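To start, the structure under review is shown below, and the notes come after it.
Because the structure is a prediction, the values reported are computed rather than measured. Residue numbers start from 1 in every chain, and the chains themselves are labelled A, B, ... in the order their sequence lines are given, proteins ahead of strands.
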Amino acid sequence: MTEAEFLLWVRGPAFNAALFIMLAGIVVRFVEILFLGRKTNLAQARGSEVAGGFYTTWRRMIPDADSFIRSGFTIIAGYVFHIGLFVVIFLFVPHILVFERALGVSWGGLPSNIVDATTVVTIVALVAVLLHRIKDPVLRMLSNASDYLVWLVTILPLITGWMAFNRVGLSGPMLIGIHILSVELLMILFPFTKLSHAFTLFLARWYNGAIAGYKGVRS
Amino acid sequence: MKKDQTLGETLRRQGVSRRSFLKFCATTASLMALPPSMIPVIAATLEKARRPSVIWLSFQECTGCTESITRSSSASIEDLIFNAISLDYHHTLQAASGSAAEQARETAMQENHGKYILVVDGSIPAANNGYSTIAGISNFDMLKEAAEGAAAIVAVGSCSSFGGIPHANPNPTGAVSVSDLIKDKPIVNVPGCPPIPAVITGVLVQFLTFGLPDLDHLGRPKAFYGQSIHDRCYRRPFYDKGLFADTFDDEGARKGWCLYKLGCKGPTTYNACATEKWNDGTSFPIQSGHPCLGCSEPDFWDAGSFYRSLSTPTENIGKAAVYGIGAGLLAGAVVGSVQRARKQSAVKAHQRVTIDDLDKES
Amino acid sequence: MTVHGTPGASPGCGSDTPCNIPTGNVVPLLHEILHALERWLDDGEEHAIDLRGIPMAPGEEDHLIETLGEGEIRADLSLTGRSVVLETRFPAVWLVTHYNTDDTIIGRFIEVCEMPAILKSQAEDARAGLEYLESLLSENNLQ
Amino acid sequence: MSGASFERGYNALKEQIDAPVAAFLSSCVHCGMCAEACLFFTETRDPKYTPIHKVAPLHKVWKQEYTFWGKLGKALGLSKPLTDQDLTDWETLVYDSCTMCGRCSMVCPVGNDIAYMIRKTREGMAAAGHAPEGLIGAARRSVTIGSPMGVKLPALQAQIRHMEKEFDIKIPVDVEGADYLCMLSSMEIMNFPEYIGSIARIFKQAGVSWTLSSEAFEATNSGIQIGVSDIAAVLVQRIVDAAEKLKVKAVISPECGHAYMAIRWEGPNLVGKQFGFKVVHILEVLDELRAEGKLKVRDKETQKLTYHDPCQIARRGGVLEQPRNLLNMVAENFVEMPGAGKMNWCCGAGGGVSSNERADELRLKTFARKKAQLDAINPDAVVSACSNCRIHLEEGLEEYHMDIPLLSLTETIAEHLIEK
């Protein structure tokens, strides 16, 4: 298999397979959750579940003051790499083309060198997060193999992407091929690891807010 | 022209001054993208270089590569090249034809056995030797025979280097490249469709002066194929600034912005177009506003649309997405209802817990 | 936009060919020439730059040449096609341009040296000249 | 009686897992922020007290029973099934070191309601016979005698007579057709009988028709604390029967945290039908009276007061503004402790921890968190609306030789009434 064939396979069938597995996996996870159902609350409501649910969905993005002091590192490093991932994935023009091909919708992107800088910041934040996970007693106790696998699978696309953009190391086709392959690995693991939080957290926050909202508390 | 004369002697016999020879060496160094400091080295070696005999065999090809070499920009180079090398056989350029032509080829091959350079353009049909023949001899046999006595083989054009358009899907003739068939001779691939004229002559001159050039993993001289178009493209600042042309006639295109979104294959294509440029340095595809097709890379005909960007998937991902969601719903329904039933049965199996059921022992 | 007298003016595009955002290689090249000139003056080290190897947007090369301008010497050589060697406005900085028989540029160099080698008379050519002069004299066909 | 068994416990866990639990456990990214919100961790720095870690048994059952990959993983031996030993190891985490205060549920960035899951985990633990001795005892006394502290009707009647004599006031019992049926917690009956007197005096001035019930006076619900809905339902049913028998319009939950949770929010779901009457917390009633101008009070408290928010009433119950309104009515130097309101720290004794002797040492250790809040403003007295918090805070303050009195909000209001 020559490099060209490898790149073609990665951009073609492999991407389709990864997308298929990811979407199928996400839908199955959602159905598995929703099929368990939830008892209707017979108590007399004080507030509205729906309002509480939506409130918490966005409000939980902003940590409360005390948590910010106590878990400052987790929050800051977490936001740095999440925002970084967002910028790198959704505001880099070549990536926007992928979404355009899939969804038919397109939007403006940031200058590529800004995205490149963001990638480096994101990688540094992810490495810091890993060190923290290893050093902090609570995190070390909580973490299992899947946490470290997910970390690796998240940082790989960033590293290979940075290499591809800066044309470091391998030949053009291999750089781009390996980068897309690492993204496909991320896509395949998406529904079956804690990466699923990316979509289930909206459900979780909604339930949290609903339970509290029913009782008139803005959680 | 006696065969054993050195290039220097030949030039002097033609009344070419030493100063002209220096000019030729300077422009050749520039052609081979060698630093100017190499000019004296080139002059010294070129002077003593023997004039090798060159056999040019054309198989399944469109004569584009031949067109390209005859368009070689520096006429003075062309004269000297054709004086430097003795092109003993080129069935398009030579006057002789039929048995006389073949006779000339065979005598050249015998006289210079082991020393001549075999230049090939066009791919070789491996499926059936009858697909392409010259004077009744199949390309396959002719190549084998010619390769046997060649000092080295230069595969000019993507067809001879990687199979080119005949090799493209569905490849009816089972076309293969030279390196697929010949394993025991040093082969220099000079891909491109066609390759840049200056690159063809450059490789020949480099071969003449320094022998087998430094090759990359696809057998291409690094002097010309060492860097990708993207790395040397003058529009790279636009790529870095995120300024892209969206259509061929929008503001971006008129302003000469990067053509990535229009399918430019510069990042994955290794060739000298961005520096050597075409038509005597006038321009090259990207400078004329058209995305690079990647013609010096293997299977570029099959690498998806020339106008789809490198980062986009080549197949219909919309379909894959729909199938994925559909399969998810199906599998989800099955798995979900099994789990739902499992929960229902747990609820049914519930035994009321009274204050007497709180201790294990009792 | 005309180029002001002072070298190292802002690297806009000299001509009207479309190159709104240039590659920005003109200024670095001028710096390279400056340092080469310093080294030549300090220890006579010669330097040559092959403009063909440097990607420049359309019009940028003309802008560089314009910036370098023309000095006191301009030599037209006829060597299998024309060649022009001229000393730029900055002494010891020479611009050598080779043309082929169709008068298209096939090589352009900037050389920082006392005098480009191409201008110097070559011993071989002189030897050939000597033989020719001797044959002329020996045949005594001069009036 | 088959008695508790691991199978019953495992089945209980399977019953309890629902869509919210599945959504929560799918979203946890092991970020550890819940630990920093839990006083059992912040005051011990022991990683095992990380809230999400406490629901690991529930996580395992959910993964292996209700996800395709989890089931497959278990079948392939990649993950080991839950064992009785796991439940033994987790007993102290789920009971001793968790008051279900819900502070972790408020900070979790992906929105996991961990207290919700602890409550469900206890269903499995108790059914498997892994409930703490103290709570089993309390539950048995509640069902057999009627109150976790073994308070019988005669004891209540004695306190009623005592209050009637002291404040020369009539305390209605079993008065059919009254508007409110007032519940009490045994702690109030035994330790703070003045609460009953205060209620009587306030309602007399405000002209509120109320009554106690001799058949159901106990508001606390050990079933909720131990985590056995069947037992909790029995206790709630008694209140429902009494309320229906007396045809009251509303039932007042007293100054007790989880009692409010038991009757107001879990009650209808436990007995399986909506109540024909409203359920309100005493603070809600008092605030209503205040708003209607029916509470006539004189000279305000001058000492520096602060208010401790009982978790099951405030963060998990929704009664937040009322205590502030009431305190501002009777106190001029009311200072909020840092972090007050819905994010206030738990006292450390709720959710059955105080009835669990094994947790006493840990409970006192965690008091340091509340002490830190008090040290920040060093109040003259602390007011609260939950007798369990009050007893624990008193115990804690004693431990640190800080003489800051604990006051009941209701009693404080009663003391400032203008009585004819």
Do S121(C) and R19(B) make a side-chain contact, defined as non-hydrogen atoms from C-beta onward lying under 4.5 Å apart?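 Heavy-atom side-chain distance check passes, below 4.5 Å.
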- Task: Find out whether Q122(C) and L22(B) are in side-chain contact, i.e. whether some heavy atom of one side chain is under 4.5 Å from a heavy atom of the other.
- Result: yes
Value rounded to 0.5 Å, distance of [atom1] in [X] from [atom2] in [Y]:
{"X": "R82(C)", "Y": "K23(B)", "atom1": "CZ", "atom2": "NZ", "value": "9.0 Å"}
{"X": "H98(C)", "Y": "S20(B)", "atom1": "NE2", "atom2": "OG", "value": "10.5 Å"}
{"X": "Y99(C)", "Y": "T27(B)", "atom1": "OH", "atom2": "OG1", "value": "14.0 Å"}

So, the part of L77(C) with a heavy atom under 4.5 Å from chain B: the answer is side chain
Review point. NE2 of H31(C): more than 12 outside heavy atoms within 6.0 angstrom?
Key: no
Give a yes or no on this: more than 12 heavy atoms of other residues, nucleotides or ligands lie within 6.0 Å of atom CD of E124(C). yes
If one checks every heavy atom of Q287(B) against chain C at 4.5 Å, the contacting part turns out to be side chain
Determine whether a donor-acceptor pair (N or O, by modelled atom type, separation under 3.5 Å) exists between the side chain of D50(C) and the backbone of P36(B). no
